[in-house]
Amino acid sequence: MSAPPLQPVLIAAELRGLLEPDQLQGLEVTWLPSDTATPTGDWVAIIPLLSRWVGGTQLKSLPALRIIANCAVGYDNVDVVAAEMRKVIVTNTPDVLTDATADLTWALILACARRLVEAIDLVRSGRWTGWHPEQLLGVHLRGRTLGLFGAGRIGQAVGRRAVAFGLRIIYTARAPKPDFERDTGATRAEWTGLLAESDILSLHAPSTPETKGVVNSDTLDRMKPGAILVNTARGDLIREEALAIALEAGRLGAAGLDVYADEPAIHPRLRAAPRTVLLPHIGSATHDTRRKMAATALANVQAVLQGKPPLTPVFR
Ligand code: NAP
């Protein structure tokens, strides 16, 4: 009996080094670099990076497509309505990146609270003249309030880590989280309460029409003076110029950001603003996590092409 024909799939070229040959069995892969436009053709699956927009035009040029297996948990780069209309399944990579992203959120919280960028710059510059009792004083965490905007997988993982630091936790989400509240003592709050009470406000909601621009000049004004803002979710939750102005004015204590509205561009005023810790979107960047993300995307493709249900569809 002859082997079944190979199935033509498009995979982001940047994932090549994270995949094993046996994961690609049965597939005829076209490796698609991120700086190359989505081509026209009869590919049955695509694994894009989060930087590739897959919308109506791309779906039209891929008429045989059965699955978009996004290599990220966020899927704001995919027009899910257009995909559904064409009966194309959309999957993401939840869970496998939760710990890595929560850890990085904590790296930002600590870097902001303890002024790590200024401290490292001082040592590197050779201007450090020795221990001083009032040098680079930061924010003491125990007893402060951590506000989580979004308390799903990553928001809750950030909150669970906060218990060890002695923080009080409040959160905003569409639905209450009783297990999280029981385990951490967290309480649910409206967005306005979160703004008013948080010493550290950490964003963990997806980019949607409701969440885009939730942090803007008006809401920044309602934050506690000296508060720390952290964003490892999506850049467009924040109006970057408004944040830059709040930092310049000394309204905020610090901002720790991993994501930006127009990556890799960063609003020049924000890039130049004081008291920032700016990272290049490395929330999930650990060896294990990136391999698991690529493996999850591939497993979704293999399942769907074998007529099985996808492992992690964005909508069930
Ligand atoms: P998740 O489990 O779906 O959690 C999302 C949370 O946001 C949920 O608690 C949800 O509320 C809440 N939410 C959604 N819309 C809201 C609204 N309008 N107002 C208030 N809360 C709202 O997602 P996750 O796995 O934690 O990931 C969160 C986001 O992190 C992803 O969407 C992605 O964009 C980002 N991310 C970034 C990196 C990075 O590299 N920096 C890595 C991974 C993920 P309900 O629970 O009530 O539905």
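Just follow the structure's listing: the first ligand is 1, and inside any ligand the first atom is 1.
In this structure, Lys177 has a heavy atom closer than 4.0 Å to ligand 1. The shell of residues lying under 4.0 angstrom from ligand 1, judged by heavy atoms, excludes Ser207. Remark: distances from the non-hydrogen atoms of Thr232 to ligand 1 include one below 4.0 Å.
At the top of the distance list for atom 25 (O) of ligand 1, counting protein heavy atoms only, stands Arg153 NE, 2.9 Å. Scanning the protein for heavy atoms near atom 17 (C) of ligand 1, the closest one is Thr211 CG2, 3.8 Å. Nearest protein heavy-atom neighbour of atom 21 (N) of ligand 1: Ala173 CA, 3.7 Å. Closest to atom 35 (C) of ligand 1 among all protein heavy atoms lies Ala233 O, 3.5 Å. Remark: minimum distance from atom 12 (C) of ligand 1 to any protein heavy atom is reached at Gly150 CA, 3.8 Å. With hydrogens left out, the protein atom closest to atom 31 (C) of ligand 1 is Val73 CG1, 3.8 Å, a heavy atom. For atom 26 (O) of ligand 1, the nearest protein heavy atom (residue, atom name, distance) is Ile154 N, 2.8 Å.
Heavy atoms of Phe149 found under 4.0 angstrom from ligand 1 belong exclusively to the side chain. At a heavy-atom distance under 4.0 Å, only side-chain atoms of His281, from C-beta outward, approach ligand 1. Residue contacts with ligand 1, taken as heavy atom pairs separated by less than 4.0 Å, involve Glu210 solely via side-chain atoms from C-beta onward. Counting heavy atoms under 4.0 Å from ligand 1, residue Thr101 touches it through the side chain alone. Residue contacts with ligand 1 for Val259 involve side-chain atoms from C-beta outward but no N, CA, C or O (heavy atoms, distance under 4.0 Å).
For Arg182 and Asp179, the salt-bridge test passes: some basic side-chain N is under 4.0 Å from an acidic carboxylate O. Using a cutoff of 4.0 Å between basic side-chain nitrogens and carboxylate oxygens, Asp183 and Lys177 are not scored as salt-bridged.
Taking the side chain as every heavy atom from C-beta outward, Leu305 and Leu27 approach each other to under 4.5 Å. Between Leu148 and Phe180, the closest side-chain pair of non-hydrogen atoms falls below 4.5 Å.
Some N or O of Gly152 is nearer than 3.5 Å to an N or O of ligand 1, by distance alone. When only interatomic distances are considered, the shortest N/O to N/O separation between Thr208 and ligand 1 does not fall below 3.5 Å.
Judged purely by atom type and a 3.5 angstrom limit, Thr312 uses its side chain to pair as donor or acceptor with the backbone of Asn92.
Defined by atom type and a distance below 3.5 Å, a donor-acceptor pair is missing between the side-chain atoms of Glu190 and Thr192. When only modelled atom types and interatomic distance are considered, Gln58 and Thr38 share no side-chain donor-acceptor pair under 3.5 Å. Between the side chains of Thr98 and Asp95, not a single donor N or O lies within less than 3.5 Å of an accepting N or O. For the 3.5 Å distance criterion, the side chains of Thr105 and Thr232 qualify, holding a donor opposite an acceptor.
Note that OG of Ser202 and CD1 of Ile169 are 11.5 Å apart. Values are rounded to the nearest 0.5 Å.
For ligand 1, the atoms lying closer than 4.0 Å to a non-hydrogen atom of Ala175 are 47 (O). Taking every non-hydrogen atom of His204 and a distance limit under 4.0 Å, the qualifying atoms of ligand 1 come out as 5 (C), 6 (C), 7 (O), 28 (C). Interface atoms of ligand 1 facing Ser284, defined by a heavy-atom separation under 4.0 Å, are 40 (O).
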Could you go step by step and tell me if Arg239 and Ser217 meet the side chain to side chain donor-acceptor pair (under 3.5 Å) rule? CA-CA 8 Å; Arg239 297 270 179 256; Ser217 54; over 6 Å; no

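Between atom 32 (O) of ligand 1 and the options Pro94, Pro206, Gly155, the minimum heavy-atom separation is to Pro206. Across Gln156, Arg174, Arg234, heavy-atom proximity to atom 33 (C) of ligand 1 is greatest for Arg234.
Using the six-membered ring where Trp is involved, Trp191 and Phe149 have ring planes that are tilted, between 30° and 60° apart.
By the side-chain contact (heavy atoms from CB on, under 4.5 Å) test, Ala254 pairs with Cys112, Ile228, Arg275, sequence neighbours left out.
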